[in-house]
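Numbers restart at 1 for each chain; the letters A, B, ... are given by sequence-line order, proteins then strands. Everything numeric in this text was worked out from a predicted model, so none of it was measured.
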There are 2 protein chains.
Amino acid sequence: MVKLIDIAKKLGLSLTTVSRALNDYEEVSSKTKELVRQTAKEMGYVPNKFAQNLALKKSHLISLLYDDYQETISYQSFTFEVIAGVRNYFGRTPYDLIIVPGNLKSETREPLKNICYSRGIEGLFVVGIRTNDPYIEELKKDFIPAVIVDYPLITKKVTYIQSDNLMGCKLAVDYLVSRGHSRIAFINGHDLAAVSPLRLDGYKTALKENGISFDEDIVKVGNYTEKSGYDAVRQLLKEKADFSAVFAASDLMAVGAIKAIKEKGLKVPEDVAVVGFDDVFFAEYSHPSLTTIRQHKFDLGYMGAKELHEIIENPEKPLRSRKIDVELIIRESA
Amino acid sequence: MVKLIDIAKKLGLSLTTVSRALNDYEEVSSKTKELVRQTAKEMGYVPNKFAQNLALKKSHLISLLYDDYQETISYQSFTFEVIAGVRNYFGRTPYDLIIVPGNLKSETREPLKNICYSRGIEGLFVVGIRTNDPYIEELKKDFIPAVIVDYPLITKKVTYIQSDNLMGCKLAVDYLVSRGHSRIAFINGHDLAAVSPLRLDGYKTALKENGISFDEDIVKVGNYTEKSGYDAVRQLLKEKADFSAVFAASDLMAVGAIKAIKEKGLKVPEDVAVVGFDDVFFAEYSHPSLTTIRQHKFDLGYMGAKELHEIIENPEKPLRSRKIDVELIIRESA
DNA sequence: CTGAAAGCGCTTACAG
DNA sequence: CTGAAAGCGCTTACAG
C-alpha cells in the first residue's frame, strides 16, 4: 500500500505538502497540486480512512438500523427500497453505510451507544423498527443524530420522516365515496407499526369530512399479512356486516380481502370495491389489479438521508419532521 | 469519550498494562485484569476502533455488494433474506458490515479496489449481481477474499455459494413425472442471472433421467417477473403447444403462468399443473397455493458468510464452492 | 508481572 | 508557498 510519505519521497516534497495538495489547500501552488495528484494517481495511492478518521475525528460513517425478523414480503420490499434511497443519497457524499450487527431477538444486544461510539458513527438511519423495539428507548437519549422512518420522535438530534398517511387515507376514502360508497370497511394493521393509529385517524377524519358516521362494526385489525386481510373480511362477511367497499391498510391485506370476497361468490369491484395501501410490486399484477395508495419508498430513504446529512453538518438546526406525498393509483379493484 | 490513558491515570497504571488487561493478555495478573475491566466499565470506556484498526492493520469490516436496481419483489426479498443471514452470522463475530456506496447504473463508479483499500475492507459478500455487472471483472483480479451468491467464480481468494439448482430442477421434474406428466413445459429466466443456464441444465438432465425427450417448443424464456410468466404461457397456448405441466424458474413467473392458464378457462392443477422455484412469501397465499422448490435464502447468507470468515482467517485454505440444499414444497398447484 | 517508547498513516497549528 | 513536529487513540516489541 502506497502512503503519503512514499509520494513525498518520490517528489522530494514534505509529507505536509503532499497532504495539503491532495486535500486541495489554497496555500499550495497549482503546479505542485497537479504534480502531486498526478503522481498519487500513478502510484495508485488510496487514502487510509482509519488514519484520516483518527486525525480528523470524523468517520463519514452512517449506521443503518433495521429489523431482519419481519418476514412479510412487503416489509422486506419496503425496507429494501427505503435503503436503496438512503444508499443512493449517501453515494453522492463521502459517507458510507454500516449495518448494525444482527439483532437477534432473544440475545442481549450491545447498547447502541457503544456501537456508535466505537465505530465513530456520525448518524443513524432507522427503518422498519417496531414501536416496542428497545432501540427506540436508546434513541430517545438523543446521543446521536438520527432519522427514523415512520416512528414519531423529535428531539434535539432526532427526527422522523413518513409518508403522508392522513392524506393517503383521505385519498382512498374520498375516491370510494366519489364512486358512490358510504359503507367503507377498514382493515387496519397492529399497533406495533407506528403508522397504524395514523391510518385509523385518517380513515375517521376522511369519513367525517364526507359526512359519514364512523361505525366500529366494520373496522377490523389485522397484522399486515395477506392472511389477516383474508380473515378480517371472512369475519365481516360472517357477521353479515353492511359494507360495499373495503379499505385495507396494506396491499397484502387488500389481496387477502379480495380472496375472501371472491370465495363468497362476490365480485370485485362490482359487489365490493377494494383499496389497498403501499403500492407494492405485485399490486399491479394481482387479480383484479389493485387500486391503492402509493408510498414513495425510495424517496422516503433519499429525503430522510438528506435530512440526516443536514443534521450532521448543521447540529444547531431546529428539527422538524417531514412528510412525503402519497398518490392514489387507480386500477381495477375500485 | 474516555480512553485508555484515562483509565491508566485513575488506576495509577501504565497505558500498556491497561491495554493488555482489556485484551486479556496472559502476563497480566488476574487481579489487575479484574480491576481494570471493572474500572473501564464504570467509566463507560468504549475502544476506538479507528485507533485499533490503525495499530492492528485489521478493520473487522466486511463489505456487502448488491444491486439496488432490480425491482421485482422476489429479487428484493431474496436479497434481503440472504443479507439477514450474513448479518446474523457476522453478528456473532467482531466483524461489521459496510455497504458499498450506491451504484448508480449510469455513473462511473469507483473501482472496488479503492473502496476496499481505503476502508481496509477484509472481505466482500456479493449477492444479486448480474452476469454483466462490471464488478465481476474486478473480482476476478482476486485482490480480496470474497464469496459470491449464485455466480460461479473460483480463484485463490474468491468462491461462491448457491442453492442446489440441479437438484431443485430434478425434484420438480421428478415430482411432475410421478404425477403422470410427461409433457412438461419450462419457463426459464434470462441469462443475466447466472442460475438460468443451471436450471435449464437441471430440467434437461431430469427429463433425460426420466426417459423423456427434450422439446424446445415447450421451453420459453422470461425475465423472472410475473408478467413474463404470463406472456410465456399465453404464447405456448397460442402456439397450441402440447403440455400438461409448467415448471417455472421462479415463483413470480409461476404465478403469471397460472393467471394465463386460468384466463384460458383451464384449471390448475387439474388441466395444467404448475411448479415454481424459490418459495417466496406469497407462494403459500397465491391461488391455488404454489407447489415449488424452496431455496433457503437465510442459509445461503449465513453459510456464505461463514465461508468468507474462514477464507479471511485462513488464507491458505484451498477454496471450493458450496451448495445449499433445496426442498420440494408440495401445495395445491401440482 | 509492568512500563517507556515507537509505530500505525494521516492532519494541521505553528514557524519560517 | 513549504516543512518539522505534535497529535489522533490504540498495540506491542523491547527492556526490566
Side-chain angles (χ1 to χ4, degrees), chain A residues 1-37 39-41 43-61 94 96 113-122, chain B residues 1-37 39-40 43-61 94 96 114-122:
Chain A
M1 295 273 37
V2 17
K3 36 197 173 167
L4 282 189
I5 192 73
D6 301 325
I7 304 175
K9 277 180 184 155
K10 176 150 189 172
L11 256 32
L13 284 169
S14 77
L15 193 132
T16 313
T17 302
V18 173
S19 169
R20 284 204 271 241
L22 256 19
N23 287 314
D24 206 20
Y25 273 49
E26 287 186 357
E27 311 97 287
V28 182
S29 75
S30 44
K31 209 177 225 168
T32 314
K33 268 186 197 169
E34 201 38 55
L35 181 66
V36 171
R37 280 190 195 134
T39 314
K41 201 170 193 175
M43 298 176 74
Y45 171 73
V46 179
N48 178 324
K49 295 227 181 190
F50 302 138
Q52 286 184 323
N53 294 342
L54 194 57
L56 292 173
K57 296 182 147 292
K58 186 127 182 75
S59 69
H60 285 305
L61 237 32
D96 283 334
K113 219 173 189 166
N114 292 12
I115 299 171
C116 294
Y117 284 173
S118 88
R119 284 270 186 213
I121 309 284
E122 296 184 47
Chain B
M1 295 273 38
V2 16
K3 35 196 174 168
L4 283 189
I5 192 74
D6 301 323
I7 304 176
K9 276 182 185 157
K10 176 150 187 172
L11 256 32
L13 286 168
S14 77
L15 193 134
T16 313
T17 303
V18 173
S19 169
R20 284 203 272 241
L22 256 18
N23 287 315
D24 206 22
Y25 272 51
E26 287 185 357
E27 312 96 290
V28 182
S29 75
S30 45
K31 211 179 225 168
T32 314
K33 268 185 195 167
E34 201 38 56
L35 181 67
V36 172
R37 279 186 196 140
T39 314
M43 297 176 74
Y45 172 73
V46 179
N48 179 322
K49 296 224 181 190
F50 302 139
Q52 287 184 324
N53 294 342
L54 193 57
L56 293 171
K57 296 184 148 289
K58 186 129 181 73
S59 68
H60 285 305
L61 238 31
D96 284 332
N114 291 11
I115 298 172
C116 293
Y117 285 172
S118 87
R119 285 270 186 212
I121 310 285
E122 295 183 44

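Rounded to whole Å, the distance from CG on L13(B) to P on dA4(C) is 11 Å. Between N23(A) atom CG and dT2(D) atom P the separation is 15 Å, expressed in whole Å. Between the CG atom of D24(A) and the P atom of dT12(C) there is a distance of 13 Å, given to the nearest Å.
A residue-by-residue look at L15(A) and S30(B) shows that S30(B) has its nearest nucleotide of DNA chain C further toward the 5' end.
Distances shown here put a side-chain N or O of S19(A) below 4.0 Å from the OP1 or OP2 atom of dT11(C). Applying the 4.0 Å criterion to OP1 and OP2 of dG3(D), one finds that T17(A) has a side-chain N or O inside that range. A close approach under 4.0 Å does not occur between any side-chain nitrogen or oxygen of N48(A) and OP1 or OP2 of dC8(C). Residue Y25(A) places at least one side-chain N or O closer than 4.0 Å to OP1 or OP2 of dT12(C). An OP1 or OP2 oxygen of dC10(D) is reached within less than 4.0 angstrom by a side-chain nitrogen or oxygen of Y45(B).
Counted by atom type alone, T16(B) and S19(B) present zero donor-acceptor pairs between their side chains at under 3.5 Å.
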Query raised in the report: How does DNA chain C read in dot-bracket, base by base from 5' to 3', with Watson-Crick or G-U pairs under 3.5 Å and | used when the partner is on another strand?
Result: |||.||||||||.|||

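Here S29(B) pairs with T32(B) under the side-chain hydrogen bond (donor to acceptor under 3.5 Å, both in side chains) rule; sequence neighbours left out. Residues satisfying the salt bridge (Lys or Arg N to Asp or Glu O under 4.0 Å) criterion with K58(A), sequence neighbours excluded, are E122(A). Partners of K33(B) by side-chain hydrogen bond (donor to acceptor under 3.5 Å, both in side chains), not counting sequence neighbours, listed by chain and number: D24(B). Every side chain to side chain contact (heavy atoms under 4.5 Å, CB included) that A40(B) has, sequence neighbours left out, goes to I7(B), L22(B), Y45(B). For T39(A), there are no side-chain hydrogen bond (donor to acceptor under 3.5 Å, both in side chains) partners two or more places apart in sequence or in a different chain. The side chain to side chain contact (heavy atoms under 4.5 Å, CB included) check on E26(A) picks up nothing, with sequence neighbours excluded. Under the side chain to side chain contact (heavy atoms under 4.5 Å, CB included) criterion, A55(B) pairs with no residue at all, not counting sequence neighbours. Residues passing the side chain to side chain contact (heavy atoms under 4.5 Å, CB included) test with D96(A), sequence neighbours excluded: L61(A), I98(B), P101(B), R119(B).
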Between protein and nucleic acid, restricted to nucleotides 13-16 of chain D and to nitrogen or oxygen atoms under 3.5 Å apart, what atom pairs and distances do you find?
{"residue": "dA13(D)", "atom": "N6", "partner": "R20(B)", "partner atom": "NH1", "Å": "3.4"}

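Out of dG3(C), dT2(C), dC1(D), the shortest distance to the side chain of E27(A) is found at dC1(D).
Counting only heavy atoms from C-beta outward, the side chains of R20(B) and N23(B) never approach each other to under 4.5 Å. When side chains are defined from C-beta on, L54(B) counts as touching N48(A), because their heavy atoms get closer than 4.5 Å.
Rounded to whole Å, the C1' atom of dT12(C) lies 16 Å from the corresponding atom of dG16(C).
The shortest non-hydrogen separation linking F50(B) to S59(A) is CZ-CB, 3.2 Å. Here the closest non-hydrogen pair linking L15(B) and A8(B) is N-CB, 3.8 Å.
With hydrogens and angles ignored, the 3.5 Å screen pairs a side-chain donor or acceptor of N53(A) with a backbone N or O of K49(A).
Near DNA chain C, meaning a heavy atom under 4.0 Å from it, residues 49-57 of chain B has L54(B), A55(B), K57(B) in order of number. Listed in residue order, the members of residues 2-11 of chain B having a heavy atom less than 4.0 Å from DNA chain D are K3(B), L4(B).
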